[in-house]
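Residue numbering restarts at 1 for every chain, and letters A, B, ... go by the order of the sequence lines.
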Amino acid sequence: MNKQEHKHISIGTCLKVWGFIVALVALSYVVFLLQIEPLWLRRVIFIAIALLQAVLSVTYFMQLRAERPGLVYAIVPPVSLLLALVIFGLSEGDYVWGVRQTHQWLTTGKPVIEEPDKNGGTTNPIEKGMQLAQSNGCLSCHSVTGEKIVGPSWKGLYGSPQELEGGTTVTADEAYLKESIVNPGAKIVKSFPNVMPPYKTLNEEQLDAIIAYIKSLSSGGSK
Amino acid sequence: MQEHAAGLPETHGHEETHQHEPTGFWTKYIFSQDHKVIAMQYTITALLVGVVGMVFSWLMRLQLAFPGQLSLIQPDNYLQFMTQHGMIMVIYLLTAFLLGGFGNYLIPLMIGARDMAFPFLNMMSYWTYFVSVILLFAAFIVPGGPSGGGWTIYPPQSILPGASPGSEWGIRLLLMSLAVFVASGTMGGLNYVTTVLQLRAKGMTLMYLPLSVWGIFVASVLALLAFPALFVGGVMLLLDSLAGTSFFIPLVNQFGRQLGHEGGNPILFQHLFWYFGHPEVYIVILPAMGVVSDIIANFSRKPIFGYKAMVISILAIGGLSFLVWAHHMFVSGMNPYFAFWFAIATLAVAIPSAVKTYNWMLTLWGGNLWFTTPMLYAIGFVSTFVAGGLTGLYLGNTAVDVPLTDTYFVVAHFHLVMGVSAILGIFAGIYYWFPKAIGRMYNETLGKLHFWVTFVGTYAIFFPMYWLGAAGMPRRYYTNEAVTQLPPSSHELNIFITIAALTVGAAQLVFAFNLVWSIFKGKKAEGNPWKATSLEWQTPQTPPVHGNWGPTEPVVYRWAYDYSVPGASQDFTPQNVAGGPAQKAKASGKTKH
Amino acid sequence: MEGIILAIVLVLIVVGTTIITFVGPWGLPELASNWGSIDSMIIVTTIVTMIAFIAVNAVMAYFIYRYRHRDGRRAVYLVNDHRLEKILIIVTSIGIVFLLAPGLFVYSSFIQPPADALKLEVVSQQWAWAYRYPGADGKLGRSNIRFIDAKNSLGVDLKDPAGQDDVAISAGGTLHLPVNKPVELELRAKDVLHSFYVPQFRVKMDTVPGGITRLWFTPNKAGTFEVLCAELCGIGHYKMKSSVIVESEEEFQKWLKQQPTVSQTLGTK
Amino acid sequence: MEQPQQERSGSLRRLVADWASDRETFRVRWSKAMMWIFLLGDSFVFGSFLSAYAATRIAATAPWPNTGEVFALHVGGAEIPLLLVAIMTLILLSSGATMTLAVIYGLRHDQKRAAMWTGLTALLGAIFVSLQAVEWTNLIREGARPWTNPWGAPQFGANFFMLTGFHGMHVTIGVLLLSIIALRTSRGVYEQKRDYLSVELVGLYWGFVDLVWVFLFPFFYLF
């Protein structure tokens, strides 16, 4: 009992450490205010101060020095290794940054060209619909050949009866197609997954164009 | 007590476990703080969850064998089954069972404690786990269903609407469930680690511990240090999904629409995930290794060969597990030069693993092998562990990993080395400790039937997947008919695998029946049916009652492996027996006979 | 009795799997690129691991048979054998170094594309592959996700003169490659992770949105191969396929000339 | 095992003695051992957070905001960079010292002083959390959100809210614990048991909360 108590810090030490830590906080703030150059030196100072504060805090405030070495050596090494983890995070982030710099695939800033005509300049609604279907990724899931990809194929879709989940049947007319683009979850065709995202950004004219394109893929459509 | 260093506070002691035995039904079976009851709760919950995971694997296998003939299984369902199967098996079954079930039951009994250090925390750990299971299954009733993003839930795919099923509420619930599971695992892990370090019986040094305790102990430490990374990755992914932050999602253009994210890095999630994910593999396999070591030693009637090497191997595997995570990411697009280090560290893990395998085999050498069901399972474990572990030499070696990763080769590798092996270890443990935990014997014939079908069946399921993977069949494909360059016979191989999987599944009915029947109708078991040395077999009552040890706590005089000591009257000398021929040699620190 | 059965089963498993591994119809598809070194690594690793697999199971089967329970016999009290342990550790370490060292050499050539490689771009999206060739000047123009629209589906920066003569093969198209010429692919992703994988070329690499990954190989057999996506990318993952046609240099150039350039399709100059 | 003798010999011998002993490895109270192990695990949470922060910050495609300007405080017409944060740091690190005093008095069974210093620590913690709330409000008012901010990379806001939010949560929990324990100390609960373990435990936790801030302050604000 005595031995353990003996090793706990005294009030005097505690106050001294307190003063020292306050001075360190003030020092790091002053270094920040003065914006000491170069940047790396400033950062080294910050890290050195932080480590010093951490050591003081663990040793005196958390009183690790009063504990037995068995505990000290179980706690300190793994925690110190966390710094290596942060350094790993930095180096991996730096690699990604380097890739982005050399390729500018994703650099920020406004497009350097004028916003192009979203309709691609054409006035033929079927052709416009085809472009929209391509650019909006519709054709990733809806084939135009009759093949089943993820969603129902558009070939022969327009005007055909579609059996829905739950047994009812609906005719794929304009209203149904429009609803299915804007709110795909409303009526799900049987044996297809409910996964299509709602395309609420398309305007009326664009919707009409896409539907015109779908129509053109049916024998009854105008091609 | 008198040997303790001076300076221990006077109030120190084991008073915290000196509680009166609970009497009511609720305190005895539901909100019990007894480690044995909590272990049972963990065991039963994990096994039930595991059944769900197994059913998902059947559905996947049926789809792969008979593509297009089961209209019930659509591509989105398939991905959901796959994701939930992986999550359930790795986390909610294996981790929970091995740490929560075996850990809870074995640690206090094997180290000679009356209970865990913090019984209330232990109870909270189980109920937190229960909540995480509820959250996991809650994903089945939300719109969009559970997540289908793969058990690795890589962003952006797992959280972009329309990419995979359940990418909105399914994944959010899954992440919340994981966070709750991390909380549960932390509570449990703290308990296990503190208990092993602080509550050992008089005379029980760390180097006298049975290897089961070593495995569970190191796994618990790994859990405490690895789960934080999953938690952090999960929180950031949840924020990306819910709050629209861009930790992991860069500027993307999905289905022709530019989404609002900007500047995130998807590979960062993979680092965080595997920083957790690789130690997680060892969290699962280390306890199983420990259990198998104890069972092999017992039924060989021999000390485990090279105990010290076994302990050092466990520690080395545990330590290395934090330095190898990016070997899952050789083709992920991370800095390619990191791969050199990760390949070297990964193949270094092979050395302690090989040491363990050699030591298991050398334990068999010169033994007097007794082929009970647990022993059969333990030997099965060694065989499947080798069959799966050796292919780690392909996948850890960067250049060889490039063509094989993300194919069925990987599926075969990790199923054999950590799925099947861990499950065989679990079965070995269940049969081995059944008499102690229940007080009755299981049916040996049914147990052996269960073993033969399971062991041969798992080889039939997973070994052919190596061939399919080498032939170029990618993982996570809804149907392998999509890969036209595969030889036509690979389809027949898939049907074969499915039949094997269903057979192994059916064999688990035998196991379930055996368990239930034996609990009620099994032959009464004696206290130490296997003539084992470790402490859990020396309890005054079988099954042990609250407080484990009766009025006096056990005192330990020797290690857990004094089988067939020359000159001793029986072929086993329990740890709490003083004197005898071999004790001097042990006490003076010599390990040679 | 169980001991004898278990020994026989272990031996049967080892013999069966070994035979099928070497003579079965399932194995690596025929190599069609320069990565024979990876194939040799796989073969060497297979031989080493198969020896270990057979040895462990056979020795175990023998021990199981030899030391099965007999009444009245007592097991040997063997605690350790440091010499044997050391020998085993050394043998294992040598085996591992033997596998690892050449593997690292192969890997270092895998991440260093040759300078004269034909550079082209692979763009992945859910769930299709698109490609872009550098055109006459041999340089790929800059591109950016922000520039993607209905016609410019690869987001080529039209202000960059290097991009004007690029040849873009939009999603769903076929990749053509000249035979016996090293190719360096710059892999990009528009939306989620994908992975470019051609089993016959033995190489694969993930495509990462917001970054670039690279992959190089020299196709050395003419023919048509299947491009697969090897990284889970959503519901259509298994459908995300494309073809790569490896043909002679002349045929390749002829085909390339027929393709419209970016400035032709987008009408810019 | 003749402990007293080994006690006097070098720390390595004592380390070995700890790990080779029976019964207990650390020779501290169970809950104290658990608290140390918990803090070890928790340090990995913050280590992972800092590592992820390092990776996202350095790879960001937009420039990182100047923290001096973002966190400036208006004092009498002048803008003093980071003043509020510096004050917060001073308060939190000082509370580490007051907590240590509380622990020391607790070990001396000085009930009144232990209660007083614990209460003061809780008060300082509460002030810290309130100042953080002020800082959050200021930032939100100026348009910072987790997904965007007016000054540059969106990862800035995301990391800011996540890191300070998690640390603030720890502080809040600490304040609650401290208040309860201050109350119980002043009522003499621990004096009756002749055991101030709870004060020691919360002292350890509070030291850890300090320690995390020692690193958050330079890495997030000063860098």
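- Nearest heavy atoms, C:Leu88 versus B:Leu362: CD1-CD1, 4.0 Å.
- Between B:Ala470 and C:Pro29 the shortest heavy-atom distance is O-CD, 3.4 Å.
- Considering CG of B:Leu364 and CZ of C:Arg66, their distance stands at 13.0 Å, rounded to 0.5 Å.
- Of all heavy-atom pairs spanning B:Phe340 and C:Ser108, the tightest one is CZ-CB, 3.7 Å.
- Pairs engaging residues 9-27 of chain C under the salt bridge (charged side-chain N to carboxylate O under 4.0 Å, His left out) rule: none recorded [sequence neighbours left out].
- Ring to ring, B:Phe463 and C:Phe53 are close: their centroids are under 6.0 angstrom apart.
- With hydrogens and angles left out, the side-chain atoms of C:Tyr77 and B:Asp562 include a donor and acceptor closer than 3.5 Å.
- Checked against a 6.0 Å centroid threshold, the rings of C:Trp127 and B:Phe255 count as neighbours.
- In this structure, the separation between CD1 on C:Ile148 and CG on B:Asn253 is 4.0 Å, given to the nearest 0.5 Å.
- Here side chain to side chain donor-acceptor pair (under 3.5 Å) pairs that include residues 87-103 of chain C, with residues two or more places apart or in two chains, are B:Tyr358-C:Thr92.
- The stretch residues 38-47 of chain C participates, sequence neighbours left out, in these side chain to side chain donor-acceptor pair (under 3.5 Å) pairs: B:Tyr394-C:Thr46, C:Asp39-C:Arg202.
- There is no side-chain donor-acceptor pair under 3.5 Å between B:Ser332 and C:Asp206.
- Note: B:Thr407 OG1 to C:Leu228 CG = 11.0 Å, rounded to the nearest 0.5 Å.
- In this structure, C:His237 has its ring center no closer than 6.0 Å to that of B:Tyr478.
- Distance CD/B:Gln485 to CD/C:Glu30: 11.5 Å, rounded to 0.5 Å.
- For C:Leu232, the parts lying near chain B are the backbone and the side chain together; criterion is any non-hydrogen pair under 4.5 Å.
- In this structure, chain C has no heavy atom under 4.5 Å from any part of B:Met329.
- The contact list for residues 4-11 of chain C toward chain B, using heavy atoms and a distance under 4.5 Å, reads C:Ile5, C:Leu6, C:Val9, C:Leu10 by residue number.
- Of the inter-residue distances, the one linking B:Arg476 atom CZ with C:Cys229 atom SG reads 11.0 Å to the nearest 0.5 angstrom.
- Taking each heavy atom of B:Leu393 and C:Ile96 in turn, the nearest pair found is CD2-CG1, 4.2 Å.
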| Given B:Glu262 and C:Arg146, is the salt bridge (Lys or Arg N to Asp or Glu O under 4.0 Å) satisfied, shown in steps? | CA-CA 11 Å; B:Glu262 167 84 52; C:Arg146 288 177 202 285; 2.9 Å; yes

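- Taking CD of B:Gln157 as the reference point, atom CG of C:Asp191 lies at 10.0 Å (rounded to 0.5 Å).
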